[in-house]
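Ligands are counted one by one from 1 in listed order, and the atoms in each one are counted from 1 as well.
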Amino acid sequence: MEKKEYRGHVLAVPYPAQGHINPLLQFCKRLASKGFKATLAISTFIANSNGFADAPATVHLETISDGFDDGGFAQAESIAAYLSAFEAAGSKSLAHLVRKLADSDHPINCIVYDSFMPWALDVAKQQGTLAATFFTQAVAVGCIYYRVNRGLLRLPIPSPPVEIPGLPPLEIGDMPGYFARPAEYPAYFAMVLEQYYNVDKADFVLVNSFYELEAKAVDSMQNLLPMLTIGPTIPSQYLDNRVDGDKTYGLSLLDPGAAATSWLATKPPGSVVYISFGSMASLPDLQTQELAWGLMASNSYFLWVTRSSEPESELPRDFVERTRDTGLFVNWCRQLEVLANEAVGCFVSHCGWNSILEALSLGVRVVAMPLWTDQTTNAKLVEDAWGVGVRVKANDEGLMGRDEIEACISRVMVGEEGRKMKANAKRWSDLAKKAVSEGGSSDKNIDEFVSKFASS
Ligand SMILES: O=c1ccn([C@@H]2O[C@H](COP(=O)(O)OP(=O)(O)O[C@H]3O[C@H](CO)[C@@H](O)[C@H](O)[C@H]3O)[C@@H](O)[C@H]2O)c(=O)[nH]1
């Protein structure tokens with residue numbers, strides 16, 4: 001059989017979670033569209049799950065072990081146990097995979113690995129390939145973790161607000177959630193700081209963001225690291241439409257169904273509040289109830305992703321019945337399709353980085369209800385740096401109350417303030433599209449990245 005010609009071969013290794021696999025998978029699709037062979041190595045457990053049924057034809061799939069091939073993360077005793085088993089099993093099986101591919105027609109030129117797995121850099125170096133760490137969170141968030149990792153910012157922070165080049169002044173509540181509650185997820189907190197321990201040895205630091213969005217933060221980090229912004233990595237159909245057939249992500253946590261799209265088709269433009277808290281975090285029951293009452297008081301239509309087939313059990317009594325004419329609950333949907341629908345007026349979001357990039361790319365305003373990790377910092381940027389939304393303030397017990405939620409929805413959806421946010425959102429959407437289009441900042445950065453190993 002004739003050997004297929006490629007300009008080079010990249011092996012992408014995501015952390016095994018939806019919000020991490022999709023950005024790297026999307027990056028692979030872009031590399032494939034530029035003539036490279038792109039292979040995505042996902043965990044055996046995820047590869048065997050139904051959610052990956054929709055994998056794109058242009059990206060090659062391989063598997064590595066996370067140590068829990070039959071059950072994934074859910075099988076581990078603790079987060080710390082998972083991370084350490086993943087490092088042990090992942091390092092071994094990744095090395096094995098690179099050796100296997102070395103004997104094929106297309107040996108690996110560069111391993112692009114999720115920044116949550118810095119041990120992959122050691123594998124790349126041992127196997128003699130280039131190594132690129134890939135951040136699935138904002139440059140701004142990375143600026144903060146980097147400073148803590150390097151001892152430039154000491155914890156607990158003695159005198160907020162903190163001044164970091166390129167970022168607005170940050171109070172403790174604007175820093176990543178681990179700073180205010182370090183004991184909550186100590187293993188994840190350690191992991192996000194560890195992203196930097198060997199980063200100086202990486203040949204590239206790729207970030208799913210775009211230069212115009214975080215210019216000053218990128219400039220400040222580029223003095224320290226070979227950083228290139230290459231995003232947003234959302235399907236090309238919603239941006240530049242240059243990647244053939246790139247209409248959806250390849251991985252979906254749950255079956256999205258079609259209910260959301262047909263329901264939205266019956267609603268007037270800008271009238272619907274869309275609510276989703278991503279693929280990992282869950283709202284405490286009391287918070288769910290406050291959100292429900294806030295939504296009802298806003299008198300808006302709403303589409304609420306609950307990730308549960310029985311939302312009634314967490315909602316106020318009879319709430320589903322009482323909102324039958326105004327609300328729709330789904331356990332999952334095609335979020336991009338929803339955000340692109342003109343019926344959607346705003347997005348009540350936990351501010352996961354993928355959701356925020358999607359909202360910015362599609363010009364949708366945000367009511368920010370951050371829960372943990374990077375979400376608190378993203379919420380600060382949504383409000384103060386990008387002017388596309390407002391953050392719902394929590395009371396002293398950490399609860400975001402119904403009146404505050406209602407007031408925030410109203411600020412974002414109606415009036416002069418809301419109109420300004422809409423105009424800002426449109427501007428970011430245009431800039432996101434420009435960044436990935438031919439000659440845009442992210443497109444040029446991708447070309448710079450591949451130029452280090454491209455054969456022609
Ligand atoms: O009904 C839904 C709801 C969500 N999504 C998609 O799910 C993804 C959610 O990603 P994100 O907003 O980043 O949230 P998480 O999945 O919770 O992401 C985790 O990983 C991110 C990247 O590290 C972090 O920024 C988040 O804080 C962390 O919770 C997005 O692509 C959405 O389009 C759907 O397709 N359908």
Identity and separation of the nearest protein heavy atom to atom 25 (O) of ligand 1: D374 OD2, 2.6 Å
Who's closest to atom 34 (C) of ligand 1 heavy-atom-wise, of W372, F116, W332? W332
Quick test: of every protein heavy atom, which one is nearest to atom 19 (C) of ligand 1, and how far off is it to 0.1 Å? M280 SD, 3.8 Å
Starting from atom 21 (C) of ligand 1, locate the nearest protein heavy atom and write down its residue, its atom name and how far away it is, to 0.1 Å. N354 ND2, 4.2 Å
A student checking ligand 1 against Q137 at a 4.0 Å heavy-atom cut-off should list atoms 23 (O), 24 (C)
Less than 3.5 Å between some nitrogen or oxygen of S355 and one of ligand 1, yes or no? yes
Which option, C333, P256, P235, owns the non-hydrogen atom nearest atom 35 (O) of ligand 1? C333
Closest protein heavy atom to atom 20 (O) of ligand 1, given as residue, atom name and distance to 0.1 Å: H20 NE2, 3.6 Å
Give, for atom CZ of F86 and atom OG of S91, the distance between the pair rounded to the nearest 0.5 Å. 9.0 Å
Report the part of Q375 in contact with ligand 1, treating N, CA, C, O as backbone and CB onward as side chain, heavy atoms under 4.0 Å; options are side chain, backbone, both, neither. side chain
By side chain to side chain contact (heavy atoms under 4.5 Å, CB included) - contacts of A131 (at least two apart): Y113, L121, A124, K125, D203
Tell me which protein heavy atom sits closest to atom 8 (C) of ligand 1, plus the residue, atom name and distance to 0.1 Å. Q18 NE2, 4.0 Å
Tell me whether E358 has any N or O atom under 3.5 angstrom from an N or O of ligand 1. yes
Distance (rounded to the nearest 0.5 Å) between L371 CG and Q287 CD: 7.5 Å
Using only atom types and a distance under 3.5 Å, with no angle test, would you say the side chain of E290 pairs donor to acceptor with the backbone of R402? yes
From G257, P370, G352, S279 - option closest to atom 15 (P) of ligand 1 by heavy atom: S279
